[in-house]
Amino acid sequence: MPALQNDLFIRALLQQPVERTPVWIMRQAGRYLPEYRATRKRAGDFLTLCKTPELACEVTLQPLERYEFDAAILFSDILTIPDAMGLGLQFSEGEGPRFTHPITNANDIDRIAELEPINELEYVFDAVRLIRQQLNGRVPLIGFSGSPWTLATYMVEGQTSKEFRKIKTMLYKEPQMLERLLEILSASISAYLTAQIDAGAQALMIFDTWGGVLSREAYLKYSLAPMQQIVNKLLQHKTAVEVPIILFTKGGGTWLPEIAATGCHAVGLDWTTEIDHARASIGDKVALQGNLDPTILYGTDDTIRTEVKKVLDKFGKGNGHVFNLGHGIQQFVDPDKVAVLVDAVREFSPAFHQPD
Ligand code: CP3
């Protein structure tokens with residue numbers, strides 16, 4: 001494998017000096033891009049796109065053809081593990097994910113406890129290998145997974161939820177059942193991410209999209225503790241070069257010291273968290289990734305440039321910042337606005353990396 005030509009992203013995650021702030025955006029390969037919509041149409045549906053390595057590779061690279069991003073992210077979904085566990089994943093147009101066999105009782109959990117889902121996920125590792133080959137060292141490739149808690153919410157609710165009635169009922173009525181489910185998921189996710197590293201992933205991100213719906217006590221026990229187990233496993237996995245780990249809990253802004261104490265290399269911030277406060281609180285331990293409000297991309301070019309500058313100003317001078325949105329880009333964003341964002345980061349950020 002060729003050496004990385006652009007390793008700004010990896011250096012920033014390791015809090016090493018960089019010439020400018022690296023930038024990528026969550027969901028950078030997605031429906032806002034007409035070329036993505038065309039490939040998905042060719043695939044027939046979203047899951048086929050995920051499960052066909054050549055197509056997953058194609059859409060992974062699409063945003064890099066348009067914009068000067070400093071990282072690629074594997075095109076896949078966090079729900080590949082529950083799908084491999086036989087829960088019957090379906091994505092219907094405009095509705096989001098749905099499971100035909102959600103987890104409802106202890107028998108369901110016994111059943112999935114017997115499985116080795118990563119044996120069914122070879123298509124993901126094939127995609128990682130193919131993308132690395134095609135990238136040919138241009139930029140690093142990020143692998144990812146959902147957090148145990150976030151996957152459990154989809155597996156128990158059977159779909160995206162607003163109130164989380166079923167999983168919270170499990171939490172407060174039958175906590176041992178939830179703990180068992182989370183243990184199974186922690187083990188599967190550790191194996192899944194380790195296999196992504198072995199296939200060629202050069203950084204990893206854990207998406208804890210729904211950690212923020214928990215109380216502090218419940219977050220620490222049911223979301224952060226299972227993520228800690230995964231971080232421990234990944235840190236034990238010996239690799240030739242360090243593979244940095246990013247933890248992102250949406251709505252996790254008040255638990256940053258606990259998240260940073262897991263031993264992860266970087267913490268993702270949503271746009272409700274002040275990046276200057278985050279830096280003051282945990283910036284000595286970890287790098288920070290974020291955190292422009294994704295809806296700012298609906299604004300004018302001037303507004304986008306001003307808001308990009310504000311995020312850079314708030315982080316301030318020095319190492320350990322990866323520019324990103326605070327959550328995934330939305331499907332109705334005009335692709336030209338992403339170019340405005342990337343250009344603004346490239347124009348303004350070198351000043352934050354020069355000696356005083
Ligand atoms: O960032 C990237 O470009 C890589 C690809 C990626 C996707 N999903 C592709 C996708 C990543 C990293 C994810 C993660 C993911 N998936 C999360 C965590 C991040 C977050 O947004 O909080 C979650 C919660 C999911 C589950 C999921 N997948 C939902 C709820 C949906 C439907 C919501 C929606 O936006 O419609 C998906 C579908 C999905 N995953 C799409 C894409 C590009 C849209 C599917 C389509 O093409 O119709």
Side-chain angles (χ1 to χ4, degrees), residues 23-52 55-64 66-67 69 71-83 87 89-99 124 127-128 131 139 141-155 157-162 164 189 192-193 196 201 203-213 223 227 246-252 268-271 289-291 294 324-333 335 338:
V23 55
W24 70 281
I25 63 178
M26 289 188 263
R27 290 275 174 100
Q28 64 190 25
R31 283 166 297 185
Y32 74 105
L33 290 178
E35 57 271 35
Y36 168 84
R37 297 195 297 270
T39 310
R40 192 188 61 174
K41 200 166 174 193
R42 208 155 27 94
D45 62 74
F46 173 70
L47 265 187
T48 308
L49 185 53
C50 292
K51 291 184 181 184
T52 313
L55 296 177
C57 176
E58 182 179 314
V59 293
T60 298
L61 300 178
Q62 284 171 348
L64 300 170
R66 264 189 194 253
Y67 314 109
F69 285 136
I73 181 162
L74 163 70
F75 188 83
S76 188
D77 199 80
I78 63 166
L79 300 176
T80 50
I81 290 180
D83 179 53
L87 268 59
L89 178 59
Q90 294 184 336
F91 279 92
S92 37
E93 189 82 45
E95 268 196 40
R98 208 172 264 278
F99 287 109
V124 176
V128 170
I131 298 163
V139 290
L141 175 63
I142 308 166
F144 72 91
S145 165
S147 72
W149 164 256
T150 293
L151 292 190
T153 65
Y154 286 99
M155 293 166 76
E157 297 291 332
Q159 61 190 77
T160 303
S161 175
K162 283 203 172 71
F164 300 93
I189 293 166
Y192 184 51
L193 290 176
Q196 288 186 33
L204 295 173
M205 176 150 167
I206 301 179
F207 288 92
D208 185 30
T209 306
W210 300 118
V213 305
S223 178
M227 287 200 282
I246 309 161
L247 295 191
F248 171 58
T249 292
K250 184 161 171 280
L269 304 175
D270 69 32
W271 67 94
Q289 177 173 277
N291 69 341
N324 205 314
L325 302 176
H327 197 210
I329 185 170
Q330 298 184 0
Q331 62 171 312
F332 302 108
V333 168
V338 175

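Order of listing sets the numbers, starting from 1, for every ligand and every atom in it. Being a predicted model, the structure only gives us computed values, none of them experimental.
- Note: no N/O pair closer than 3.5 Å links L79 and ligand 1 by distance alone.
- Evaluated by nearest non-hydrogen atom to atom 27 (C) of ligand 1, the leading choice among D45, I142, D77, D208 is D77.
- F207 CD2, 3.5 Å is the protein heavy atom nearest to atom 19 (C) of ligand 1.
- Protein heavy atom in closest approach to atom 11 (C) of ligand 1: F144 CZ, 3.6 Å.
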Full working for salt bridge (Lys or Arg N to Asp or Glu O under 4.0 Å) between E58 and R40
CA-CA 10 Å; E58 182 179 314; R40 192 188 61 174; over 6 Å; no
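- A donor-acceptor pair shorter than 3.5 Å cannot be found between the side chains of T80 and D77.
- In terms of polar-atom proximity, defined here as any N/O pair under 3.5 Å, Y36 does make such a contact with ligand 1.
- When side chains are defined from C-beta on, Y154 does not count as touching L87, because their heavy atoms never get closer than 4.5 Å.
- Closest protein heavy atom to atom 25 (C) of ligand 1: I78 CG1, 3.5 Å.
- Distances between N or O atoms of Y154 and those of ligand 1 include no value under 3.5 Å.
- Heavy atoms of S76 found under 4.0 angstrom from ligand 1 belong exclusively to the backbone.
- For the pair T150 and ligand 1, the shortest N or O to N or O distance does not fall below 3.5 Å.
- Taken from CG in N324 to CD1 in I25, the straight-line distance is 7.5 Å, to the nearest 0.5 Å.
- Of the options Q62, H327, Q330, the smallest heavy-atom separation from atom 21 (O) of ligand 1 is shown by H327.
- With no hydrogens or angles considered, a side-chain donor-acceptor pair links R98 and Q159 at under 3.5 Å.
- For atom 34 (C) of ligand 1, the nearest non-hydrogen atom from the set R31, Q28, Q159 belongs to R31.
- From the protein, the heavy atom lying nearest to atom 29 (C) of ligand 1 is P97 CD, 3.7 Å.
- With salt bridges taken as basic N to acidic carboxylate O contacts below 4.0 Å, none links D45 and K51.
- With hydrogens left out, the protein atom closest to atom 1 (O) of ligand 1 is R27 N, 2.7 Å, a heavy atom.
- Side-chain contact, T150 with T153: no donor N or O sits under 3.5 Å from an acceptor N or O.
- Heavy atoms of K250 found under 4.0 angstrom from ligand 1: none, in either backbone or side chain.
- Distance CD1/I206 to CG/L193: 5.5 Å, rounded to 0.5 Å.
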Test side chain to side chain contact (heavy atoms under 4.5 Å, CB included) on Y192 and V124 and set out the steps.
CA-CA 9 Å; Y192 184 51; V124 176; 3.6 Å; yes
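- From the protein, the heavy atom lying nearest to atom 46 (C) of ligand 1 is R40 NH1, 2.9 Å.
- R37 meets the salt bridge (Lys or Arg N to Asp or Glu O under 4.0 Å) test with no other residue; sequence neighbours excluded.
- Aromatic pair F332/Y32: ring centres not closer than 6.0 Å.
- Residue, atom and distance of the protein heavy atom nearest to atom 38 (C) of ligand 1 are F91 CE2, 3.4 Å.
- W24 and Q289 form a side-chain donor-acceptor contact under 3.5 Å, judged by distance and modelled atom types alone.
- Protein heavy atom nearest atom 4 (C) of ligand 1, with residue, atom name and distance: L74 O, 3.5 Å.
- Under a 4.0 Å criterion applied to the non-hydrogen atoms of T209, ligand 1 contributes the atoms 18 (C), 19 (C), 20 (C), 22 (O), 24 (C).
- Checked by distance only, ligand 1 and T160 stay at 3.5 Å or farther apart across all their nitrogen or oxygen atoms.
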